[in-house]
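Report on the structure given below.
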Amino acid sequence: MSQVKKTVLTVSVAVLLIVSVIVSVLATGGQGDSFKFEIADTSAVEIASNRHTQPDSDVEISNNLSSLTGFEKKCENEYLEIWFKEDIASIRVVDKRSGYVWGSLAGDTHEELNNSFTAMANSLCTIEYYDESGSDDRLSLSDSSVEALYQWNDNELTCSFYSNDKGIGLKFTMKLVGYDIEFEIVKGSVKESESALIKSLYFIPFMGCVNQDEKSGYMFVPDGPGALIRYTKSASYISPFEKKVYGMDYGIDTVAETYNILSQRPNDFAVETPQISCPVFGVVHGAGKNAIFAEILSGMDYALIQAYPAGFTTDFNWVTARFEYRQKYVQPTGQEGQGVEGPQPKANSMIPKISYSFLTGEDANYSGMARTYRERLIERGVLNKERVDKEVPMLLNIIGADVKDGFLKMNTATLTTANQAKEIISSINKVGVNNLSVVYSGWKKGGINGTKYKSSSFEKKLGSLKDFEELSHLVKSNHGRFYLGLNPVTANDKQINPASLSATTLGKEFEVIVRDNDDALFNTSYLIKPITVADYTSSLMKKYNFSFCFENLGTKLYADYSRDKNLSRNQTKQVFQKVAKLSESSAYFKPNDYMWQSTAEYFDIPMVNSQYLYETDTVPFLQMVLKGSIDYYAPYANLGFYNQASILKMIEFATYPSVILMGEDNYALHNTGLEDYFSLNYNSWENVIGDMYSEISSALSKVEGASMTEHKVLSDGVILTSYSNGVKILVNYNSKNAITDYGTVNAKSFLVKDR
């Protein structure tokens, strides 16, 4: 026996002896006691993670921009003053309500920034452009090569920004409106040359920037439900936060490293990383003291939200919006997929517009930002009053059929018939859940992954049209809602002929979503041409007297460069909005904000941010905006979101529960496209559903129909959420009781205080 083998054998025997002794001691307890397995309490670690909201600091905030020397007052109203310094093209904003002064750099220069970054940090406007070689460069309003003309008229600035050297420029306005400052590009003013093509545009990108941790506070980004990036000392990061509003544009985002998550986790996942569903961001200097809330008002389809934590590129924390006129793509040069990388030949059509709202006092935090945004959406008619139920609702997604890989051919696996669905609903009613939103998925011939794209007939193995009408009646007779599930946006190559139905990228490739898992039954999904999506969806909505629940229709937004019909990303949005307006009773999975006006119910709302290292907190910004207007539901409990911490998170975020179930045994999922959903059999979850619903309902029934007005951390793991009807709900994630001014909140429990 070799020395290596002897060593391995010796270690193995030693380990076995140690394990045997430990098990023996534990099993006897030293005195013949029964075995007890203790799990370590990790609640403190979980509470301190970025999956939760952390307490705010009470440290006083210094105003290092209070000196206005060299600046001239140009605009003023009852809330704000705008001061301007022409030689650096920079502004200071004085909030007259608090006296706080906002700006970017404290001085005209900064020793840690090069000339290009200094100009960008100070300037009102910065352009990035591609030169003749395709390389990108930057040009700011304060650069010496720029000709700038400023015209001030009452509370408005019109600025002409032009570079003779590069042959590029534009004109923009800056308006003082209430406690907002609005920037907007003048239509038709953008100029380019053969040697310089505009890539992107920024307005006051460093406004409110903070050098490392010199102030307490945070940057807010709408990642998932909402994320905070608190100001800290500089650290090393691989990349900043950078996400396109409304997610990837699969028509062009094929070469952008930002959207390739291989460096963070494999592209084989059942749950996608959260995307930005509303075009907002913010900065806070001292929670409850001073804040800026920014909203993109136009051009959001081609905008990214960027947040740079201290340590990435500079020692400053700064957050901004970048409007993308062009980006690089692979230009095809041959028949075998060869190509070269270069900028878009035609710029995206948009008129960038963004507002910066200056908040103070109790509005100067993420709760205040959510209230501000919600009020604006109500004024615009985007959000209405939500349906008020006597009982808390629950989402039940029932899987009907799916394709199953057989020995010689693929077959259709029956997972839940219409009659089985009735039995499941009746059983759920018996455990105390009556107010159901029922989605029946996989109802078409062939099931979820097997149906031909344009098919509209029911799978006969599941039941007849009459059976489904009776199922719908059963749900509605209990004051519930019934939807047929539909994904009209993506399909696999067994469902479509990609050459005729797939959308096409700018580089003339099919638009696809690929999982890095060759063992998956279908690891490639094709995005369907938007016009085809609209026509097919409209025909189904007209054919059947059912409401529909849409997957991807409100989430995926992409351009289509097919030869027969080119559509920009903005045009696709308009096409999808037009379809959505055909019904006021449609539900959506993860809809973006442009679909909210047509959304009856919001399914699978994000409950945690992307958990990047620099993200310090998850906050319920999205929930605060929607509560009181649209009923929204958590991820499926039986896919991992059902433990006590998850139940408390649903109560904290006022989020309704959901489950996805089927009538057949779990083994029926084997070799289907739903194999990732490993436990869907109803009998396995019956007791869990009743207990989970009962606990959540006892809290959220008190705030049914009310809006969320404040979310606040009282101490580590103890959260207070206030509502418009005067009710307050306290949640305690700790393993010990928490004593608060509102009463004692038991360990890992909650307390409801009526008005």
Side-chain angles (χ1 to χ4, degrees), residues 61-77 79-96 98-128 138-163 169-177 179-186 201-211 214-215 283 285 290 292 294 314-321 354-358:
I61 300 298
S62 61
N63 197 341
N64 61 338
L65 301 178
S66 57
S67 175
L68 297 172
T69 302
F71 287 78
E72 179 184 357
K73 187 195 294 185
K74 291 292 187 178
C75 302
E76 180 179 11
N77 64 15
Y79 305 108
L80 306 174
E81 296 173 355
I82 298 179
W83 295 64
F84 182 63
K85 191 172 184 179
E86 187 169 322
D87 59 340
I88 60 172
S90 187
I91 60 171
R92 293 275 194 271
V93 179
V94 180
D95 192 325
K96 296 168 68 174
S98 64
Y100 197 75
V101 181
W102 290 93
S104 51
L105 302 183
D108 293 0
T109 61
H110 196 282
E111 61 182 9
E112 296 177 4
L113 300 180
N114 60 28
N115 291 337
S116 177
F117 256 114
T118 298
M120 179 181 182
N122 277 323
S123 293
L124 290 173
C125 183
T126 292
I127 293 173
E128 292 179 328
R138 183 186 299 140
L139 196 64
S140 295
L141 187 57
S142 62
D143 287 340
S144 57
S145 63
V146 169
E147 290 186 5
L149 177 63
Y150 304 98
Q151 295 178 311
W152 296 90
N153 182 21
D154 294 330
N155 283 340
E156 181 176 344
L157 163 68
T158 301
C159 177
S160 297
F161 174 3
Y162 191 75
S163 170
L170 49 80
K171 183 183 292 186
F172 69 88
T173 61
M174 179 183 72
K175 298 179 182 179
L176 175 59
V177 183
Y179 51 85
D180 295 359
I181 296 177
E182 295 180 355
F183 290 86
E184 184 176 14
I185 294 296
V186 175
L201 170 75
Y202 298 90
F203 290 117
I204 53 174
F206 274 65
M207 175 60 71
C209 66
V210 172
N211 193 330
E214 67 178 9
K215 295 181 187 294
V283 297
H285 290 185
N290 313 286
I292 300 174
T314 76
D315 284 333
F316 285 93
N317 299 278
W318 56 286
V319 59
T320 189
I354 187 171
S355 71
Y356 292 83
S357 303
F358 294 83

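Side chains included, hydrogens not; waters and symmetry mates left out as well; all remaining heavy atoms used. Just so we're clear, the structure is a prediction, and the values are computed from it rather than from any experiment. We're numbering straight along the sequence, starting at 1.
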*ring-ring contact (aromatic ring centres under 6.0 Å, His included) partners for Phe316, two or more places apart*: His110
*Could you list the residues that satisfy ring-ring contact (aromatic ring centres under 6.0 Å, His included) with Phe71, not counting sequence neighbours?*
none
*Quick one: side-chain hydrogen bond (donor to acceptor under 3.5 Å, both in side chains) partners of Asn290, sequence neighbours excluded?*
none
*Residues two or more places apart in sequence or in another chain: which of them pass side-chain hydrogen bond (donor to acceptor under 3.5 Å, both in side chains) with Tyr179?*
none
*asked:* Holding to side-chain hydrogen bond (donor to acceptor under 3.5 Å, both in side chains), I want the full list of residues that pass it with Ser357, two or more places apart in sequence or in another chain.
replied: Asp180, Arg376
_Restricting to ring-ring contact (aromatic ring centres under 6.0 Å, His included), what partner residues turn up for Phe203, sequence neighbours left out?_
Phe172, Phe183
_Filter on salt bridge (Lys or Arg N to Asp or Glu O under 4.0 Å), then keep only pairs touching residues 104-118, sequence neighbours left out; what's left?_
Lys85-Asp108
*Going by heavy atoms in the side chains, are Cys125 and Cys159 under 4.5 Å from each other?*
no
*side chain to side chain donor-acceptor pair (under 3.5 Å): which pairs involve residues 140-159, sequence neighbours left out?*
Ser123-Ser142, Thr126-Ser140, Glu147-Asn164
*For Asp315, check side-chain hydrogen bond (donor to acceptor under 3.5 Å, both in side chains) against everything at least two apart and list the hits.*
Ser234
*Taking only residues two or more places apart in sequence, or in another chain, which ones meet Ser116 in a side chain to side chain contact (heavy atoms under 4.5 Å, CB included)?*
Asn114, Arg138
*Crowded around Asn115 CG? As in, over 12 foreign heavy atoms under 6.0 Å?*
no
*Quickly, which of Ile91, Leu65, Val283 forms a side-chain contact (heavy atoms from CB on, under 4.5 Å) with Trp102? Name it, please.*
Val283
*Sub-3.5 Å donor-acceptor pair from the side chain of Ser104 to the main-chain atoms of Ala121, do we have one?*
yes
*Does anything in residues 64-76 pair up under salt bridge (Lys or Arg N to Asp or Glu O under 4.0 Å), and if so which pairs, sequence neighbours excluded?*
Glu72-Lys74, Lys73-Glu76, Lys73-Glu81, Glu76-Lys96
